[in-house]
Each structure stands twice: as C-alpha cells, then as structure tokens.
Amino acid sequence: MKILVCVTSVPDTTTKIAFTDNNTKLNKAGVTFITGPYDDYALARAVELKEKTGATITVLNVGEADTEPVIRKCLAIGADDAIRVNAEPTDAYFVAEQIAAIAKANSYDLILMGRESIDYNGGQVHGIVAEMLGIPSISPVMLLDIDGDTAKITREIEGGKESLEAKLPLVLGCQEPIAEWKIPNMRGIMTARTKPLNVVEPTGTDKLTTVASYELPAPRGAVKMIPADAAETLIQLLHTEAKVI
Amino acid sequence: MSVLIFAELDEGKIKKSSQEAIFYGSKVAEMTGTSATTIIVGPADDTELASAGKFGATKVLHATDAKLSEPNGMAYATVVAAAAQQEGSNVIVLAKSSLADAMTARLAGKLKAGLAANVIDLPNISNGFQVKSSIYTGKAFAFNDLKADVKILAIKKNTITPEEKDAKASVEAFTPTLNDADFAISVKSTEKSSGDILLPEADFVVSAGRGLKGPENWGIVEDLAKALHAATACSKPVSDLDWRPHSEHVGQTGLKISPNLYIACGISGAIQHLAGVNSSKVIVVINKDADAPFFKSADYGIVGDVFDVLPRLTKAVQAL
Ligand SMILES: Cc1cc2nc3c(=O)[nH]c(=O)nc-3n(C[C@H](O)[C@H](O)[C@H](O)COP(=O)(O)OP(=O)(O)OC[C@H]3O[C@@H](n4cnc5c(N)ncnc54)[C@H](O)[C@@H]3O)c2cc1C
C-alpha cells in the first residue's frame, strides 16, 4: 500500500498573530513553525498502518524552502521519502492542484491529510484533491482501519459519529482520536537526514483567491468581576446589561 | 449574476445557520440586482420549504430523490452544481458545517470556483469581490479577493443576524441526474445524541474543563445548560480523558464556535482553547484561580469554586 500524507507548515498553536507591511503579511519574527496539528494525526496513523501492513509513506508539502525542517521532522517520525512542491501555498485550489498532479503521477492507495490547516482553517484541500482525482473524500475522520482494499472509517458528524466503509483509493481529512501524535526519536532524526526529499516545481498557475490584507480582532473590554458570594448577580447582568439571556 | 443558497435540513427543518445563509445570500442578491434561489435536498414539507421566503429567498428548488434522504457531501455537491448551472448562479452561499465542508470542496473542484470559508461579513463589490473571513482559528481576519467566475462563500455560524419578513418562496421540484460514483461510500451506522441542542448551532454554551474533576460531576454543568437552553462543551483534556464525547471538544483542535454566550467553568483558558471560542459575543469565566489566563479574555468573571457557583447560577436562571 502506498500512502501519501500531505502536511502544512503553520505557526505554532501558541503564536500571537501579528501582521507587517501595512497588514499584508504575517509577522514571522519569533514565530516557530510546526506541522499542522491535524496533519500530525494523519501522519501518526500512517506510521501505524506502515508498521502493521508494510505500507510506504511519502510526505508532501506545498511550500517554499523554509518548510523543510517541518518535512524533515515528518521523515524522522516515519515517512520514507518526501516531496516539496516549491511554491507559496496561497490558495486552497492551487495547493489541491499540486497535490492532485503528484497523486496522478504516482497512484497512491490512500491520501491522508489533516481535516484543516490551522492558519486559514479552510478544510477544503482534501475535498478538492479528491474531486480532481475523481475518488471519494471523507472528513473529519476519527478512526481508520484498512482491511485489504476496504477502509473502515468513523467520521464525526454534528452531535455524533458515523461508521463508513469505502474502497481504496480515498482522500481523508483526519483528526483525533485517529492516533496519538508521535515524537521523533534520535534514530529517526539521524535516518531522516539520509531520506530523499525531492523538490519539484509547481504546475498550473491558478490563483482563484488571494488575500488583500489582514486585520486583528478588536480587543475585548475589561472583565467585570462579580464576587463569588453574589454569583446570582451574574444572571441579572447577563439579562439586563449584556442582554444575552 | 444570480445567487444560489444551499440550505441544510435537520429532521425536515431548515437549520438556523442555513436561515442565516439564506438571509446573507438574499442580501448579496440585492447588492447585485438579482434574486436569491435556495436549493434544499431531502425530505421536508412545503410549508417549511416556503419559509425560506421569510429570510429573502424567492424560489426554492427541492431535490427529493430517495437516494438523497441521508446527507452525502459528494452527492449533494453534484446536486448543487446542477442547480447552479440551471440557475446560472455564479455566487453560491452556504453555512459552514460538517456537511458543508464536505460539499464546498467538491463543488469548488467541480466548478473551478474561488472559495472563502468562515465568512463573517457581506462582500464588498465596489471593486471586484472581496469578503472578510475569520482565520488563525479566530485570532485574525482576512480580506479575500475572489477572482474566479464562480464564487463559493461558506458563512460562519452566528455572525449574521437575519431579519424576517412576511413572505413565502415558491417551491419547485428539482431532479438532477445523479452520479453513481457519489454513492461509493456506504454508511454502516450513525450515532447521534438526540434531544440535545446541537453545539455548533447553539446560542448559549456552558463549557467545562478539568476543574470539574471527573465525568460524574457533569450534572451541575448539564443543569445550568438545561436551565439556559444551552448546549454543553468541554476542553480538550476532558474529551481526551473520555469524560465527554469528542463532539463537545472546542478549541484549536476541536470545534470553533461563536455563540452569543459562552460560560467557561473550571477551564484555564489556554490559548488553544480560547482560539475556538474567542468569537463568542459574551464570555463568562468561573475559575477558583484568580490568575487563570481566561479572565483576561472574559466579559464577566467569578473567582470561585464551580461546585458552589454553578448550582446557584442554575437557581438564579430558573428564577428569572
Ligand atoms: C497543539 C495543541 C492543540 C490544542 N488544542 C486544544 C483545543 O482544541 N481545546 C482545548 O481546550 N485545549 C487544547 N489544547 C490544550 C490546552 O493547551 C490546555 O491544556 C487545555 O485547554 C487545558 O484544559 P483545562 O483548562 O480544562 O484544564 P487545566 O489546564 O487543568 O485547567 C483546569 C482549570 O480549572 C480550574 N479549577 C480547578 N478546580 C476548580 C474548581 N473546583 N472550581 C473552579 N475552577 C477550578 C483551575 O484553576 C484551572 O484553571 C491544545 C494543546 C496543544 C499543544
């Protein structure tokens, strides 16, 4: 089985977001970039499937050279090789086109990615890729087992979950509790250095959506503290002052 | 340019978030001098369908094929694409939801559409087509220029307040050609918590964290939620520990919600938790630690023990 895991390189979850250049660029100063947390779940499950079935894992990132540390970490966690499409990932459609082009050339049985990236939170790339390949997509996937050419899946739905079955090939958007995040060990880090990381140039130039500028939310007003022994007053304030109940 | 709105049903009723989407779509239609058509898939009666008119739709297309009675993102995308083609729509609006996520992507792929998710305001069409969306899990906003001919807007819930008018939409049957490949995934079983208020749709949310000490203590959270007609939610460690189902987990790696009122009980307010709830209109924090970071992002705060405070709040709500 050949598994493709697509990963994003995103600001660490604790990052305070700020912009520069007249609010047109993310201020990267002091920001640590990490693998998208949802992508980490996808990779962790791929590594488990590799241990169980002897699958091979290719990790793919659409990004410029500064994403390579994130890709190397994925190799250290257990991917066999990596592809970086050398382009700035500005638009979901464009990113999906790159992934679909690689997938067409290599015919993977399973394409896994996170349910969404934590920068633009679009949650769209997996579905667009699947549509481009003409195969099913399922998201958000909480459990995944492979039995021959059949995938058994549990996906989250609003207020519950759903058990599904589908034949490979598939594109899946993953989330917890599909697997526990994995941390690279020393051996993984050493061997990652020698694993192939192929850089390819992008195909297509579609940029259907671009971001003109960014803005930060207005700060909340000061908190109004209510003494615990008068907790009931809160309900009055929510009723008469905030007028939400 | 005509505007097509996909409205989602929950047990035969148009969801509140879809009412918001219909209203949003009708406003875009007004701005662009066209009409708003709503496409609804699955079983619903004519009165319910015509009620789309209250929110500004003039026409409802209703697809009822038995194969479509269960939500199926791939098949629904095929239906909406066919409706967009019939209506000549190049703006498609829908409420962001788990079904919508599955659909919008397939639709974007089919129609080669420009797409904005988590849209929080009406578009600016004075020069091109620009929409504001929430990004970085609510930590920032982006102004997106949609350049493709077809534009898909997935509206963040609870950010648009619909005005209702006394009008009915006309209802037409819609029978698109279905695509067998869209039914390749078979649903084996579905588990749904019934009777509860759906968290992503809720106006009020009572949420609790590790401060509740264990699942056996959730009664006091549920009592307050019940009194307020609120949904319940939790922090990540709580769902990781299986104290509560994963579908209640809010935050960076869970659901992103924007209710009118969010009451956080025994939750520290880590940045990853905040990220999923910071667009709530009013935030109340109850924590016994006066230095809990959550107080910095709250509108109202009580430094106190949840086991003492929650039952008293429940009584006060019941007395309203
Ligand atoms: C990549 C990543 C993603 C993450 N995603 C999420 C996410 O999506 N959602 C999320 O919630 N977290 C997320 N986290 C975890 C997050 O960092 C915090 O660990 C988590 O939010 C803490 O949950 P908590 O506040 O319930 O627990 P704790 O941090 O243990 O806090 C419990 C709080 O309860 C208070 N308390 C205790 N007893 C009482 C009492 N009797 N009365 C009143 N108050 C009391 C304490 O003072 C404390 O403030 C993520 C972390 C990472 C690294």
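Since we're looking at a predicted model, the values are computed, not measured. Per chain, numbering begins at 1; letters A, B, ... match sequence-line order.
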Do [X] and [Y] have side-chain atoms, one donor and one acceptor, less than 3.5 Å apart?
X: B/Gln252; Y: A/Thr13; answer: no
X: A/Gln124; Y: B/Thr104; answer: yes
X: A/Glu241; Y: B/Tyr300; answer: yes

Is a side-chain N or O of [X] found less than 3.5 angstrom from the main chain of [Y], in a donor-acceptor match?
X: A/Glu158; Y: B/Ser98; value: yes
X: A/Arg220; Y: B/Asn278; value: yes
X: A/Thr209; Y: B/Leu115; value: yes

Distance (rounded to the nearest 0.5 Å) between [X] [atom1] and [Y] [atom2]:
X: B/Ile263; Y: A/Leu238; atom1: CD1; atom2: CG; result: 6.0 Å
X: A/Leu26; Y: B/Tyr136; atom1: CG; atom2: OH; result: 4.0 Å
X: A/Ile157; Y: B/Leu99; atom1: CD1; atom2: CG; result: 10.5 Å
X: B/Ile185; Y: A/Lys167; atom1: CD1; atom2: NZ; result: 13.0 Å
X: A/Thr154; Y: B/His246; atom1: OG1; atom2: NE2; result: 12.5 Å
X: B/Lys132; Y: A/Ser213; atom1: NZ; atom2: OG; result: 9.5 Å

Toward chain B, the part of [X] with a non-hydrogen atom under 4.5 Å:
X: A/Ala151; value: neither
X: A/Tyr38; value: side chain
X: A/Lys207; value: backbone
X: A/Glu232; value: both
X: A/Pro136; value: both
X: A/Tyr214; value: both
X: A/Ala222; value: backbone
X: A/Leu234; value: side chain

Name the option with the most non-hydrogen atom pairs under 4.5 Å to chain A; the candidates are [options].
options: B/Asp10, B/Asp308, B/Asn144; value: B/Asn144
options: B/Ala181, B/Ala102, B/Ala113, B/Pro245; value: B/Ala113
options: B/Ala140, B/Ala117, B/Gly304; value: B/Ala140

4.5 Å side-chain heavy-atom contact, A/Glu162 and B/Thr190
yes
Contact leader toward chain B among [options], where contacts are heavy-atom pairs under 4.5 Å:
options: A/Met132, A/Gln175, A/Glu97; answer: A/Gln175
options: A/Ser139, A/Gly160, A/Ala100, A/Ala92; answer: A/Gly160
options: A/Pro219, A/Pro227, A/Ala230, A/Ser137; answer: A/Ser137
options: A/Val129, A/Thr15, A/Asp119, A/Asp229; answer: A/Asp119

Taking all atoms of both residues into account, what is the closest heavy-atom pair of A/Leu216 and B/Lys139, and its distance?
CD2-O, 3.7 Å
Would you call A/Glu131 and B/Lys112 a salt bridge, taking side-chain N to carboxylate O under 4.0 Å as the test?
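So A/Glu131 does not pair with B/Lys112 through a salt bridge.
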Could you walk me through whether B/Lys236 and A/Glu176 pass the salt bridge (charged side-chain N to carboxylate O under 4.0 Å, His left out) test, one step at a time?
CA-CA 10 Å; B/Lys236 177 172 154 69; A/Glu176 65 192 5; 2.7 Å; yes
Which portion of B/Ser97 sits near chain A, non-hydrogen atoms under 4.5 angstrom
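Looking at B/Ser97, backbone and side chain both touch chain A.
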Part of B/Leu274 lying under 4.5 Å from any heavy atom of chain A:
neither
